[in-house]
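A, B, ... follow the sequence lines: proteins, then strands. Residue 1 opens every chain.
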Amino acid sequence: MTALQLDTKPNWFMANWQQLAGFGLPVLAIAIYIGDDIVEGGARLFLQRLFDGLDNGAIYAVVAVALVLIFKATTLINFAQGELAMFGSFLAYVGAVTLGLDDVKVGPIPLGLLLSIVVAMVISAAIGAGIERVLIRPFDPSDHLPVVLITLGLFLILNSLAAFVWNVNPREFPSLFPARNESGAQNFVEIAGARLFYDVIGTYIVLAAIGLALYFILQRTKIGLAFRAVSSNTESARLVGVRVGRVLGFGWALASAFGTLGGALVAPKLFLKPDMMALLLIFSFAAATVGGLDSLIGAIVGGLSIGLIQSVLVGYLGDNDSAFIILSLAVAFVVILGVLWTKPAGLFGTSAVERV
Amino acid sequence: MKAGSDLAASPEALWSEVEAAADAGWPQWVRTLNRTVLVAAGLLLLILPFLVESIALRRNASLLVLSLGVLGLVVATGKAGLISLGHGAFVGLGAFAMGAFVDLVGLPYPLALTASFVTCCLFGWLLGLIALRVKGIYLALITMGLAVVFPSVAKRFPSITGGTSGRPIENTLDAPAWTGLTDSQTIAVRYYFCLVVCIAVFALTRNLLRGRIGRAMQAVRDGETAAAAFGVSIVRLKAGAFGYSAGLAGTAGALQVVLFPFVSHEQFNVFLSFRLYAAAVLGGIGAIIGAIYGVIAIVIVPTLNDIAGGLIRNDGRGLLDNDVIVFGVGLILLTFVSPDGFAGLVQRVGRRFSNRP
């Protein structure tokens, strides 16, 4: 309407061209590079890659949600998140396999396994809240160094503790959903020739359930309201009577529980072992960074897109399994670097305003 | 640093204030202790080959060499304020570069060492330029990513890294034939080579940090805006500091190749990075003497493990067989007790007992 508003259009492009180029050019280059491979492979292969990518992506998203929950509350990155998830999965393993609860099934539903995962999530939540209370709360959250050190220490302790109690050999972890390679079983749905396995569908359902649960907790409960208040402005929240410490503990508990769920989802695929989460954590970091470290929706979108990038791009580029892992690791690293470089707030995060 | 009031003062006044602040923290008592530790450690290192077997010598020498990695962290994190959880990757890069320069290019050892130092500096500087747009915890994130990704990527270049199984180095550093030294004495020659390099690098770094560059680093760490106002180029300084620190870590890796003529990606996993960082923090990341205390910690912790390792056992495996857990507990304890590490602890105790205010 006014000249001022007309002016903003070209300016927006000029102001954002670096970010546009940062995101757009690689995508364009990749599309040109693998375009004919996709056409050649046909719709079936592409759809299959899509399903696989969303499957991996859903797990990255779950762990990324845990990272974001902690970042939202305290602007800290919990480097021990992966190890906490690994430890929680071992707790579930104790219930399901060591105590033999996995044999308890009602029809096709593995009730015992479900129960042990839920119990492990509750215990992890208690551990998470305890860590926050004892190790994190004494420190000023605006100074990053002590908390980096604490979470690093936790990483080392949890890793060697798990190796001590359960040793380093990989173990089979029972899957919540019908296994893929059960002989003779029709355990997938066929869509245009591509196989959508039941366990993949199950992972999607779990991710959707987590999203709904989070939405309900944060938007419809009192503690969720307090959590949002603290993450938007800690000092103001404190002034209106929110018990900030308790809310932060709640955030850690929630994050640890979701982390454990993510660990229990990925353990049947990777085998359960103490260093199971090291690589997964990098993908989840990448997911959280892409989505914006303080955005829960961003974490889910980021996780799914990292999974897709990994499966579509690397699936078409890589020639074998080892190349697959290495290329996708490199891609995850480049994604973290690229996003932090061009747009540190990610896709959905709030940009930090720095006052000098 | 009180940025507002100092802006009117001249750069010289700022430097002298920084200098005064640095000196005020070190009472005579502590200086004496630090110097004693330094001299004792130096003497011990000099006569070490005459004291212990060649296996123990090899182990101690490899720890001595790692001190350069810790020193790199002191420069990057302690002096310039750049958190790096990925220095193990630079140690690995240095080792692989050294192996490549010695075997594939055929350079003599001192030249190859310099070349791998420069290579690591370059890579660190490049990563620095990219990563330094981000701060604090984000930098920790990026560098940790580097540490996790590095071994897998290294596996992909088998001609340099030997792929999955690793690669023995063909041109080893041996004593010249005319000296008539036996094989077991060769390790002593390698040890002295490493010792000389380490001492030289420590001295060089100390002088660098005492001079203009070191003061500029501290100014940037304490107040970026104020430092920029005094004409310090923040980007150049930070990238330079990161590059130099990566070069130090790379030298540690290169020297490791001198000691053990074998490279494999498994040596340079994420735990190496964490252990280096833990050692730097335990020793005291704010001062060069902290790197020395940190290395003493790296030496002492496994020894303590050997003594205490039999205490708790599970399947024949001790909880303390893995020294990582000690570093983990140490990190957390020290963060509570003395965030600036053992060097800082000594300093504070020293201040309490000194009669100067």
(message) Does A:Arg171 have more than 12 heavy atoms from other residues, nucleotides or ligands lying within 6.0 Å of its CZ?
(response) yes
(request) Could you tell me which residues satisfy side-chain hydrogen bond (donor to acceptor under 3.5 Å, both in side chains) with A:Ser124, sequence neighbours excluded, listed by chain and number? (result) A:Thr260
(message) Given heavy-atom pairs under 4.5 angstrom as the criterion, report whether the side chain, backbone, both or neither of B:Leu146 touches chain A.
(response) both
(message) What's the separation between atom CZ in B:Phe327 and atom OG in A:Ser160, rounded to the nearest 0.5 Å?
(response) 11.5 Å
(request) Could you tell me whether B:Phe123 atom CZ has more than 12 heavy atoms of other residues or ligands within 6.0 Å of it? (result) no
(request) Under 4.5 Å heavy-atom distance to chain A, tell me which part of B:Ile83 shows up: side chain, backbone, both or neither. (result) side chain
(request) For chain B, find which of A:Ile336, A:Val147, A:Val148, A:Ile157 contributes the most heavy-atom pairs closer than 4.5 angstrom. (result) A:Ile157
(request) Count the heavy atoms belonging to other residues, nucleotides or ligands that lie under 6.0 Å from CZ of A:Arg133, then report whether that count exceeds 12. (result) no
(message) So for A:Val334, is it side chain, backbone, both, or neither that comes closer than 4.5 Å to the heavy atoms of chain B?
(response) neither
(request) Could you check B:Val281, B:Thr335, B:Leu331 and say which one makes a side-chain contact (heavy atoms from CB on, under 4.5 Å) with A:Pro146? (result) B:Thr335
(message) Which residues pass the side-chain hydrogen bond (donor to acceptor under 3.5 Å, both in side chains) test with A:Ser89, not counting sequence neighbours?
(response) none
(request) Would you check, one step at a time, whether the test side chain to side chain contact (heavy atoms under 4.5 Å, CB included) holds for B:Phe274 with A:Phe79? (result) CA-CA 11 Å; B:Phe274 287 0; A:Phe79 287 98; over 6 Å; no
(message) Between B:Met144 and A:Leu281, does the side chain to side chain contact (heavy atoms under 4.5 Å, CB included) criterion hold? Intermediate values first, please.
(response) CA-CA 10 Å; B:Met144 181 178 165; A:Leu281 192 63; 3.8 Å; yes
(message) Is the shortest side-chain heavy-atom distance between B:Phe150 and A:Phe333 below 4.5 Å?
(response) no
(message) How close do B:Ile332 and A:Leu154 get, counting heavy atoms only, and between which atoms?
(response) CD1-N, 3.9 Å
(request) Return the minimal non-hydrogen interatomic distance between B:Val149 and A:Leu329, and the atom names on each side. (result) CG2-O, 3.9 Å
(request) With rounding to the nearest 0.5 Å, note down the distance linking CD1 in B:Ile137 to OG1 in A:Thr151. (result) 7.0 Å
(request) Check the pair B:Val148 / A:Leu279 against side chain to side chain contact (heavy atoms under 4.5 Å, CB included), numbers first and verdict last. (result) CA-CA 7 Å; B:Val148 174; A:Leu279 297 183; 3.7 Å; yes
(request) Heavy-atom pairs under 4.5 Å with chain B are the metric here; pick the option from A:Leu337, A:Leu135, A:Leu152, A:Leu145 that has the most. (result) A:Leu152
(request) Report, as yes or no, whether the 6.0 Å neighbourhood of atom CZ on B:Phe336 holds more than 12 heavy atoms from other residues, nucleotides or ligands. (result) yes
(request) May I ask you to name which of A:Ile282, A:Leu156, A:Leu158, A:Thr289 has the most heavy-atom pairs under 4.5 Å with chain B? (result) A:Leu156
(request) On the 0 to 90° scale, with breaks at 30° and 60°, tag the B:Tyr138-A:Phe71 ring pair as parallel, tilted or perpendicular. (result) tilted
